Asks: 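I'd like to ask some things about the structure below.
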Amino acid sequence: MPLFFSYFPIVFLIYLMTRRNSMPSYKALPLCALLLYFIMLVVFARDPVLVHAAVLDGLLIAWTPIVIIAGAIFLFRTMEATGAQATIRAWLNTVSENKVAQLMIVGWAFQFLIEGASGFGTPAALAAPVLVGLGFPAVRVAILCLILDTVPVSFGAVGTPTWFGFSAIDLSAAEITEIGIKSSIINGIAAFVVVFIALSFLVERKALVQNAVFIVLSILACVLPYVAIAFVSYEFPALLGGGIGLVLTIAFARLGWGLSQAPINVRDFQEQDSQEQDSQERASEETRPQVSLGALLKASFPLWGTVLLLIVTRIPQLGIKELLLLKEPAWILELGSLGVLSVSASLVVSLQSIFNTPETWSHSLLYVPSFIPFGVISLITLYLYRSGQGRRVVNETLVQMQNPVLALLGALVFVNLMMMGGDQSAVALIGQSLAELTGAYWQFFAPFLGALGSFFSGSNTISNLTFGGIQDSIALGLGLDRTTILALQSVGGAMGNMVCINNIVAVASVLALGNKEGYIIKRAVLAMLAYGVVAGISGVLI
């Protein structure tokens, strides 16, 4: 009975969001969270105090992705209001008018770099509006960005899913390095499949064949340094691989290497709404003037300024990261049974002992990518352009955030309830049942358990923390190589990024897509299944 009710909320949520007349996420997620709340109390007979603590913790945790999304929306509304977006669009057309080249520069290499610096769903939120500005249909851009923001994820946010995600397991430094190497190789192999799948949502098969050489060169430009760096570091493969790959991809596009001269028609789907059609019409009507270096640097400041600020605040050796994460309380307030609220000198806000339980929550206001870098860079951009559009940008951001706030509050309560209970949590029961079903063939299914963790939590790191121990025990019990199984877990957590509720809500919110989350999930899940098959086979071979 507990196993049935572990699966039921997930199946019900997927049904609500993918049926023909799908329910929008801002209604489906809170509804399923409420259903799960009663299941925890009635079926699992959880302590009501612990359940309520988990609910409050989920509501508080939700504000991390909420402020990240709000910051990303604010940044791109600023770029639109100042005209920076139009200038970047014009420059990208001078680099190459080839649509495949534009998709690989922004959707693949640029996202690769951003994932290495930040993670948190930031890459798709940054790249998707740029591609829509170039005239690509928004819904399909969202799918492409989600699918492509997977390969670098095992080393996202300066390697956090690898070095921190497996911190609860007793692993030697050599074993962690080996996990990183194997993860990079498996992800690198899968890249040659998922990149072509992602592109197929926007360009026809003929165009993919005609431009295949360029696509492969761009993939190699990111993946080769990514794998090579994994042999010496598990912090910088995605960051350095993405940086090198972005420079090389732009160079390949300028030189025209592997690019067809034949015109490429972007797929015209019936699902495309009027907003998408308008953006395409605007792009086709615009002239393509030459953009001076000064104008380009100014217009692209929101992008390169964001990347630079992310890198500076993420590399431990620079010392800024440590300052932004200081947790020593500078101010403490007793809130009775609600818990103990504290604020550190670096504005790390914490709530300890929620309802007198072990549940705790913290939010690093200056480290989580919201005010820094999005808010800071947006304000500087408005100043550089002497724009008086600040009030308008704020109002547009607040309006666009209304539904995502409800969706994310529901999502994080749902996640917290699914994960409460340790070895007897709903998530753990699902993992154990899948392991029993597959037996010695587990290595083919290990990536999908990792993906399940990302689907729930929105984080490869949390997926590794949640399922790493289970994967390790399964590997030891079945006599499988533990570093290979843990690498497959990490790869699974990465590929689960494309169907993660948080990321889908984030990119849909930035693009103002409305009720399209279910539509996106149904298409992204096919790419995830292909990724998982490649990962499983690769895990046997390495």
Side-chain angles (χ1 to χ4, degrees), residues 61 64-65 67-68 111-126 149-169 171 173 175-184 186-187 226 229-230 232-243 307 309-327 346 348 362-370 372-373 415 450-451 453-454 456-469 471 486-497 500 502-503 506:
I61 292 172
T64 295
V67 296
I68 293 170
Q111 281 203 120
F112 209 108
L113 171 63
I114 300 300
E115 180 62 44
S118 176
F120 290 102
T122 309
L126 281 170
D149 183 25
T150 48
V151 174
V153 169
S154 294
F155 304 95
V158 199
T160 303
T162 299
W163 64 263
F164 181 72
F166 294 119
S167 60
I169 305 172
L171 295 168
E175 285 175 320
I176 296 176
T177 298
E178 189 173 348
I179 290 168
I181 292 169
K182 290 180 177 180
S183 299
S184 70
I186 296 170
N187 279 325
Y226 166 82
I229 294 163
V232 295
S233 168
Y234 41 74
E235 293 180 321
F236 298 110
L239 182 62
L240 295 180
V307 173
L309 199 49
L310 281 171
I311 292 172
V312 167
T313 55
R314 263 51 183 178
I315 297 178
Q317 289 81 354
L318 296 178
I320 297 175
K321 178 179 179 179
E322 184 179 354
L323 291 175
L324 296 180
L325 290 173
L326 289 175
K327 295 183 179 180
S346 60
V348 176
S362 68
H363 178 83
S364 304
L365 189 63
L366 300 181
Y367 183 75
V368 170
S370 52
I372 298 175
V415 167
S454 287
F456 286 134
S457 64
S459 166
N460 192 358
T461 301
I462 294 178
S463 179
N464 289 349
L465 285 168
T466 304
F467 288 121
Q471 296 269 23
L486 290 175
L488 289 170
Q489 157 64 34
S490 185
V491 170
M495 77 185 194
N497 241 35
C500 156
N502 294 4
N503 289 349

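These numbers were taken from a predicted model, which means no experiment stands behind them.
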Asks: Quick one: are Gln317 and Glu235 in side-chain contact, heavy atoms under 4.5 Å?
Replies: yes

Asks: Within this structure, what is the CG-OG1 distance for the pair Asn187 and Thr150, rounded to the nearest 0.5 Å?
Replies: 7.5 Å

Asks: Locate the shortest heavy-atom distance separating Ala238 from Gly116; write the atom from each residue and the value.
Replies: CB-CA, 3.6 Å

Asks: Hey, does Leu171 have a side-chain heavy atom less than 4.5 Å from the side chain of Leu486?
Replies: yes

Asks: Between Ser184 (side chain only) and Ile181 (backbone N and O only), is there a donor and an acceptor less than 3.5 Å apart?
Replies: yes

Asks: Is there a side-chain contact between Leu239 and Ile311, using heavy atoms and a 4.5 Å cut-off?
Replies: yes

Asks: Strictly by modelled atom types, are Ser490 and Ser154 linked by a side-chain donor-acceptor pair under 3.5 Å?
Replies: yes

Asks: Say you draw a straight line from CG of Leu488 to NZ of Lys182; how long is it, rounded to the nearest 0.5 Å?
Replies: 9.0 Å

Asks: Between the side chain of Asn464 and the main-chain N/O of Phe166, is any donor-acceptor distance below 3.5 Å?
Replies: no

Asks: Say you draw a straight line from CD1 of Ile176 to OG of Ser183; how long is it, rounded to the nearest 0.5 Å?
Replies: 11.5 Å

Asks: Answer whether the closest heavy-atom distance between the side chains of Tyr234 and Phe155 falls below 4.5 Å.
Replies: yes

Asks: Within the side chain of Ser364, is there an N or O that forms a donor-acceptor pair under 3.5 Å with the backbone of Leu366?
Replies: no

Asks: Would you compute the distance between atom OG of Ser346 and atom CD1 of Ile320 and round it to the nearest 0.5 angstrom?
Replies: 13.0 Å

Asks: Closest approach of Val153 and Pro161, non-hydrogen atoms and distance?
Replies: O-CG, 3.3 Å

Asks: If you round to the nearest 0.5 Å, how far is OG of Ser454 from CG of Asn497?
Replies: 5.5 Å

Asks: Would you say Gln111's side chain and Ala124's backbone share a donor-acceptor pair under 3.5 angstrom?
Replies: yes

Asks: State whether the side chain of Tyr226 and the backbone N or O of Val151 hold a donor-acceptor pair below 3.5 Å, judged by distance alone.
Replies: yes

Asks: If you compare all heavy atoms of Gln471 against all heavy atoms of Gly450, which two are closest, and at what distance to 0.1 Å?
Replies: NE2-N, 4.1 Å

Asks: Within a strict 4.5 Å, meaning less than it, do heavy atoms of the Val368 and His363 side chains meet?
Replies: yes

Asks: For Ile229, is there any backbone N or O sitting under 3.5 Å from a side-chain donor or acceptor partner on Ser233?
Replies: no

Asks: Is there a donor-acceptor pair under 3.5 Å between the side chain of Ser370 and the backbone N or O of Val67?
Replies: no

Asks: Would a 4.5 Å heavy-atom cut-off, applied to side chains only, mark Ser463 and Gln489 as touching?
Replies: yes

Asks: Is any side-chain heavy atom of Thr313 closer than 4.5 Å to a side-chain heavy atom of Lys321?
Replies: no

Asks: Is there a side chain to side chain contact (heavy atoms under 4.5 Å, CB included) between Ile372 and Leu309? Walk through the geometry before answering.
Replies: CA-CA 8 Å; Ile372 298 175; Leu309 199 49; 3.9 Å; yes

Asks: Could you measure the distance from the CE atom of Met495 to the CG atom of Asp149? Nearest 0.5 Å is fine.
Replies: 15.0 Å

